Amino acid sequence: MLLALFLIFYSSLSWSWTILLDPGHGGEDHGAKSKVIKHRKGRKSSRITVSEKTITLDISKIIRKKLLSLGHSAYLTRSVDKSVSLSQRAELAEKVKADIFVSIHVNSEKSRGPNGFETYYLDNHNDKAVRKVEGVENKDVGGEEKIVNQILIDLVIQRTAPQSKQLSRIVHSHAIRAIKKRFRIKDRGVKPGLFYVLALSKRPSILLEVGFLSHPKEVLKIQGPKFQERLATSIATGIHKYFL
């Protein structure tokens with residue numbers, strides 16, 4: 001009896017990890033935006049603005065709920081619509097002693113064609129297409145801070161890249177399996193990227209671009225509760241499997 005109780009206690013300890021979820025943007029920083037038509041029964045249709053900051057928060061909240069149900073400790077860098085700087089996000093990672101950092105974003109392009117789900121982990125690369133995404137997500141960093149962060153990135157990459165890459169592959173495979181066929185979401189793969197928010201967290205970390213607000217059909221999918229629930233569940237499952 002005592003042995004059984006010990007094994008249960010030991011198992012719960014070994015499977016309980018701390019995850020910091022980072023809903024991208026917030027407050028005055030809306031991130032990407034898109035206009036969609038909202039249909040109402042018996043009323044005239046209207047165009048509403050869909051913001052990246054809202055979608056990332058909605059999805060992150062569901063992921064947190066799922067992780068808690070799996071026995072993990074999970075926190076959000078913001079739980080409401082407010083501005084949070086990169087340094088504040090990093091400080092929170094230290095404060096809660098996060099084992100991993102997962103940042104949620106939504107993609108956008110000037111053209112309406114690009115679509116799909118992609119996952120990034122912190123590492124060096126020579127991909128021009130990835131640099132465009134980095135430019136968007138790193139746009140608020142410049143000057144001396146950018147130079148300091150570049151030095152930090154090199155140090156963090158050496159220490160966390162292998163774990164981040166493994167985390168990205170596991171989470172991505174679970175996510176794309178859940179949404180590819182059901183919602184016809186393109187698999188854009190797993191890629192290395194130099195994102196300051198990941199480097200500043202100083203721990204294994206990934207950044208998810210869950211779809212494109214600029215794609216007229218995809219924006220309708222990613223703002224929907226069914227898509228968000230299914231995606232968030234798969235991401236939480238992937239994170240859980242990473243620790244096993």
Side-chain angles (χ1 to χ4, degrees), residues 21-26 29-38 47-60 62-63 86 102-141 164-165 167-199 205-235 238:
L21 300 166
D22 174 46
H25 309 281
D29 179 9
H30 290 257
K33 292 182 183 179
S34 180
K35 293 280 189 180
V36 299
I37 298 176
K38 187 171 183 179
R47 291 176 67 86
I48 62 170
T49 300
V50 177
S51 297
E52 178 180 1
K53 67 173 184 176
T54 302
I55 293 176
T56 60
L57 182 57
D58 289 343
I59 293 174
S60 296
I62 303 172
I63 298 172
L86 294 183
V102 179
S103 193
I104 309 297
H105 289 257
V106 187
N107 228 326
S108 186
E109 278 282 0
K110 291 182 179 179
S111 64
R112 293 153 61 97
N115 62 98
F117 178 93
E118 57 192 5
T119 303
Y120 292 90
Y121 62 94
L122 186 68
D123 207 347
N124 292 300
H125 65 91
N126 292 306
D127 191 321
K128 291 182 179 179
V130 172
R131 288 200 189 104
K132 290 176 68 177
V133 180
E134 291 171 355
V136 172
E137 305 303 352
N138 295 334
K139 65 182 176 60
D140 295 326
V141 181
S164 295
K165 190 173 184 179
L167 174 62
S168 67
R169 286 176 171 175
I170 294 173
V171 171
H172 184 87
S173 65
H174 277 82
I176 206 66
R177 210 159 42 229
I179 63 175
K180 185 175 182 179
K181 288 185 178 179
R182 182 159 182 171
F183 295 97
R184 297 184 179 180
I185 301 294
K186 179 181 178 182
D187 181 357
R188 295 174 64 91
V190 175
K191 307 170 184 178
L194 297 177
F195 298 100
Y196 292 127
V197 69
L198 301 188
S205 55
I206 58 175
L207 186 147
L208 308 176
E209 296 278 2
V210 305
F212 280 76
L213 281 180
S214 51
H215 191 279
K217 290 184 178 179
E218 194 154 277
V219 63
L220 297 176
K221 297 174 185 177
I222 62 180
Q223 70 162 339
K226 289 183 179 180
F227 173 87
Q228 292 183 6
E229 179 74 21
R230 189 170 179 85
L231 174 63
T233 300
S234 66
I235 292 172

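What you see is a predicted model, and the numbers here were worked out from it, not measured in a lab.
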Do Leu194 and Glu137 have side chains that approach each other closer than 4.5 Å (heavy atoms only, starting at C-beta)? no
Distance from Asn138 atom CG to Leu86 atom CG, nearest 0.5 Å? 8.0 Å
How close do Tyr121 and Leu198 get, heavy atom to heavy atom, and via which atoms? C-CD1, 4.4 Å
What is the minimum heavy-atom distance between Ser173 and Ile170, and which atoms define it? OG-O, 2.8 Å
Minimum side-chain heavy-atom gap Val106-His25 below 4.5 Å: no
Using side-chain heavy atoms (C-beta onward) and a distance below 4.5 Å, is Ile104 in contact with Val210? yes
Heavy-atom check, side chain of Ile176 versus side chain of Phe117, under 4.5 Å: yes
Checking Arg169, Glu209, His172 against Thr119 for side-chain hydrogen bond (donor to acceptor under 3.5 Å, both in side chains), the one that qualifies is His172
Provide the closest heavy-atom pair for Gly189 versus Asp187 in the form atom of the first, atom of the second, distance. N-OD1, 2.9 Å
Those residues that, when tested against Phe195, pass ring-ring contact (aromatic ring centres under 6.0 Å, His included) (two or more places apart): Tyr120
Between Ser168 (side chain) and Lys165 (backbone), is there a donor-acceptor pair under 3.5 Å? yes
Taking the side chain as every heavy atom from C-beta outward, state whether Leu167 and Ser164 have any atom pair closer than 4.5 Å. no
Taking atom CG of Leu208 and atom CG of Leu21, what is their separation to the nearest 0.5 Å? 9.5 Å
Side chain to side chain contact (heavy atoms under 4.5 Å, CB included) involving Ser51 - partner list, sequence neighbours excluded: His30, Lys33, Thr49, Lys53, Thr54
Would you name the heavy atoms of Ile222 and Leu213 that are closest together and state the gap between them? CD1-CD2, 3.9 Å
Could you give all pairs that pass the salt bridge (Lys or Arg N to Asp or Glu O under 4.0 Å) test and reach residues 107-128, with sequence neighbours left out? Glu109-Lys132, Glu118-Arg188, Glu118-Lys191
Mind running side-chain contact (heavy atoms from CB on, under 4.5 Å) on His215 and Lys186 for me, showing each step along the way? CA-CA 12 Å; His215 191 279; Lys186 179 181 178 182; over 6 Å; no
Contact between Ile185 and Phe227 at the side-chain level, heavy atoms closer than 4.5 Å - yes or no? yes
For Ala175 and Leu231, the nearest pair of non-hydrogen atoms, with its separation, is CB-CD1, 3.9 Å
Would a 4.5 Å heavy-atom cut-off, applied to side chains only, mark Arg184 and Lys221 as touching? yes
So which heavy atom on Ser108 is nearest to which on Ala32, and how close? CB-CB, 3.6 Å
Output the distance between atom CD1 (Ile63) and atom CD (Gln228), rounded to the nearest 0.5 Å. 10.0 Å
With side chains defined as the heavy atoms from C-beta onward, is the minimum distance between Val197 and Asp22 less than 4.5 Å? yes
